[in-house]
**Q** 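Before we start, here is the structure in question, set down as structure tokens.
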Amino acid sequence: MIIKAPVDLNLTQNSGQTSQPPWKLESNVYSDVVVVDNNAVLFQVKQEGNNLKFDFVGDISNKEATNKIKTIFDLDFNLNKFYKYLNNQPELADMTNFCRDLRLFLAKDKFECVISSICSANNSIVRWTKSIDDIKKSWGNKFTYLGKDYFTFPDVSDLKNVYCDDLEELKCCSNLNNPNECINNLKSCGVGYRAPYMKKASEIFTLEMDLEDISKMSYDEAFDTILKVPGVGPKVADCILLYGFNFRQAFPSDVWIKRIVSYLYFDGNEVNVSKIREFGMEEFGDYAGYVQLYLFHYARMSGLMKKLKGK
DNA sequence: ACCCAGGGTTGGC
DNA sequence: GCCAACCCTGGG
């Protein structure tokens, strides 16, 4: 099937958005298993010029499959209109030259997005994506298509039963004798001190909080709610709301966004992160999420980031 | 070998 | 409210 919508698939997949790690790549085709209405569906996605071409294997209709791909890759978003907006802002006009056809890469699994976002905090992209892939391999459901293995992200109730580290695992499993035999714990996936956050988050989403409820909330209510989850501060909360729940008015603000926005809008005078967040939401409205995404990549690719490093 | 930073968050003052 | 510490990996 073909969807007529420009998208730079490589850029979108590798831009470090915390909805999920990049999909499995083989000869320009990105593939992964997505659960759609309790059906596991294999999607194979490929960019062809200004179109996104995809195939799928699974028990859903063509229309459902198309809608799912449109949602994940945000294909209904009008890029031309967004670029017109950017080109009318002197501070932002240059961005379109560096991030053309970059789109949001939205969650295929809200819980995966929560854990990925927690994992990304104070971490490098290569490391958090590898951790999430390890978690999928360890506790997700396995599907084999054409001789290749795919893993879904484990659901809330499965992750809550995983141990944090090998000591805890050793203590609880009488059949284990030494730490080398321990593999059923989060730290073995390289998540470090975030392991207890992830486990507590799983418990919270089993017992107290329903991910589906958050979709129904206002942005402010959702932000305050998700902030209560351990390992979730303001930056991670906005990532979860943007990539996981499609709150496009979120403006995830971290040190880099702070440096970039201070440079572009405050004459280089450093404004604190929380003010930057308020400024971004006020200034960019429903484009805030996209502007944040573009600012980061613009800075990375234009050399602005190097210039601002250390400030 | 050593040191440092990484798209933050937490807990202690 | 501020600030050091936090796990772990890769690069100087």
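The sequence lines fix the lettering, A, B, ..., with proteins before strands; numbering per chain opens at 1.
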**Q** Is the number of heavy atoms from other residues, nucleotides or ligands within 6.0 Å of NZ (A:Lys24) greater than 12?
**A**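 Yes.
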**Q** Check this for me, if you would: do A:Lys137 and A:Asp133 make a salt bridge, where the nitrogen-to-carboxylate-oxygen distance has to be below 4.0 angstrom?
**A**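 A:Asp133 and A:Lys137: not salt-bridged.
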**Q** Each residue besides A:Phe151 in its hydrophobic cluster should be listed here, by chain and number; the cluster joins Ile, Leu, Val, Met, Phe, Trp and Tyr at side-chain heavy-atom distances under 4.5 Å.
**A**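 Noted: A:Phe151 shares its cluster with no other residue.
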**Q** In plain terms, say whether A:Lys108 and A:Glu112 are close enough for a salt bridge, that is, a side-chain N and a carboxylate O under 4.0 Å apart.
**A**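 Judged by the 4.0 Å cut-off on N to carboxylate O distance, A:Lys108 and A:Glu112 do form a salt bridge.
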**Q** Distance check, P atoms only: C:dC3 and B:dG7, in whole angstrom units.
**A**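 Nearest-Å result for C:dC3 against B:dG7 at atom P: 22 Å.
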**Q** Tell me: CG of A:Asn123 to C1' of C:dA5, nearest whole Å?
**A**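 Rounded to the whole Å, the gap is 16 Å.
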**Q** Taking atom CZ of A:Phe284 and atom CZ of A:Phe279, what is their separation to the nearest 0.5 Å?
**A**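 Result: 5.0 Å between the selected atoms.
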**Q** When the P atoms of C:dC7 and B:dG12 are compared, how many Å lie between them, rounded to an integer?
**A**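 Nearest-Å result for B:dG12 against C:dC7 at atom P: 15 Å.
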**Q** Please report the shortest heavy-atom distance between A:Asn14 and A:Arg300, naming the atom on each side.
**A**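 In terms of heavy atoms, the two residues are closest at O-NH2, 4.0 Å.
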**Q** Below 4.0 Å from chain A heavy atoms, what is the first contacting nucleotide of DNA chain B and what is the last?
**A**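 The contacted stretch runs from B:dG6 to B:dT10.
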**Q** Apply the ring-ring contact (aromatic ring centres under 6.0 Å, His included) test between A:Tyr85 and each candidate in A:Tyr290, A:Tyr287, A:Tyr294; give the one that qualifies.
**A**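 So the option named by the test is A:Tyr287.
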**Q** Could you check how far OH of A:Tyr193 sits from C1' of C:dA5, rounded to whole Å?
**A**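 Distance check: A:Tyr193 OH to C:dA5 C1' gives 9 Å.
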**Q** Rounding to an integer number of angstrom, what distance separates B:dC4 and C:dA4 when you compare their C1' atoms?
**A**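 The same atom, C1', in both gives a distance of 16 Å.
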**Q** Exactly one of A:Trp23, A:Tyr150, A:Tyr145 should register a side chain to side chain donor-acceptor pair (under 3.5 Å) with A:Ser31. Which one does?
**A**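 Going through the options one by one, the only one that passes is A:Tyr150.
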**Q** Regarding A:Ser131, tell me which of base, sugar-phosphate or nothing describes its non-hydrogen contacts under 4.0 Å with the strands shown.
**A**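 If one applies the 4.0 Å heavy-atom cut-off, A:Ser131 turns out to touch nothing in the nucleic acid.
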**Q** Starting from the C-alpha separation in whole Å, work towards a yes-or-no answer on side chain to side chain contact (heavy atoms under 4.5 Å, CB included) for A:Ile257 and A:Phe251.
**A** CA-CA 9 Å; A:Ile257 293 299; A:Phe251 190 70; 3.8 Å; yes
**Q** What class does the angle between the rings of A:Phe98 and A:Tyr298 fall in, given that below 30° is parallel, 30 to 60° is tilted and above 60° is perpendicular?
**A**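 Geometry flag for A:Tyr298 against A:Phe98: perpendicular rings.
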**Q** Taking DNA chain B as the partner, which of residues 291-299 of chain A come within under 4.0 angstrom of it by heavy atom?
**A**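 Close to the strand are A:Gln292, A:Phe296, A:His297.
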**Q** Are the charged groups of A:Asp238 and A:Arg277 less than 4.0 angstrom apart, N to O?
**A**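 Salt bridge flag = yes for A:Arg277 with A:Asp238.
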**Q** Mind listing the N/O atom pairs, protein and nucleotides 9-12 of chain C, below 3.5 Å?
**A**
none

**Q** Are there over 12 heavy-atom neighbours, none belonging to A:Leu207, within less than 6.0 Å of that residue's CG?
**A**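 Result for CG/A:Leu207: enclosed.
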**Q** Between A:Glu203 and A:Lys160, does any side-chain N to carboxylate O distance fall below 4.0 Å?
**A**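 No salt bridge links A:Glu203 with A:Lys160.
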**Q** Expressed in angstrom and rounded to an integer, what is the separation of A:Arg194 atom CZ from C:dA5 atom C1'?
**A**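 Answer to the nearest Å: 13 Å.
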**Q** Can you list, by residue number, the residues of residues 220-238 of chain A that have a non-hydrogen atom closer than 4.0 angstrom to DNA chain B?
**A**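 Those residues whose heavy atoms fall under 4.0 Å from DNA chain B, taken from residues 220-238 of chain A in numerical order, are A:Val229, A:Pro230, A:Gly231, A:Val232, A:Gly233, A:Pro234, A:Lys235, A:Val236.
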**Q** Counting Watson-Crick and G-U wobble pairs with both distances under 3.5 Å, what is the dot-bracket string for DNA chain B, 5' to 3', using [ ] for crossing pairs and | for pairs to another strand?
**A** .|||||.||||||
**Q** Are A:Arg100 and A:Tyr83 in a cation-pi contact, defined as NZ or CZ under 6.0 Å from the six-membered ring centre and within 45° of the axis?
**A**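 Output yes; distance and angle both within limits.
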**Q** Is A:Arg103 paired with A:Asp74 through a side-chain N to carboxylate O contact shorter than 4.0 Å?
**A**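 No, A:Asp74 and A:Arg103 are not salt-bridged.
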**Q** Side chain of A:Asn39, backbone of A:Val41: donor and acceptor closer than 3.5 Å?
**A**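 Checking the backbone N and O of A:Val41 against the side chain of A:Asn39, no donor-acceptor pair under 3.5 Å is found.
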**Q** Starting from the 5' end of DNA chain B, give me the residue, A:Ser120 or A:Tyr197, whose nearest nucleotide shows up first.
**A**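 Nearest-nucleotide comparison on DNA chain B picks A:Ser120.
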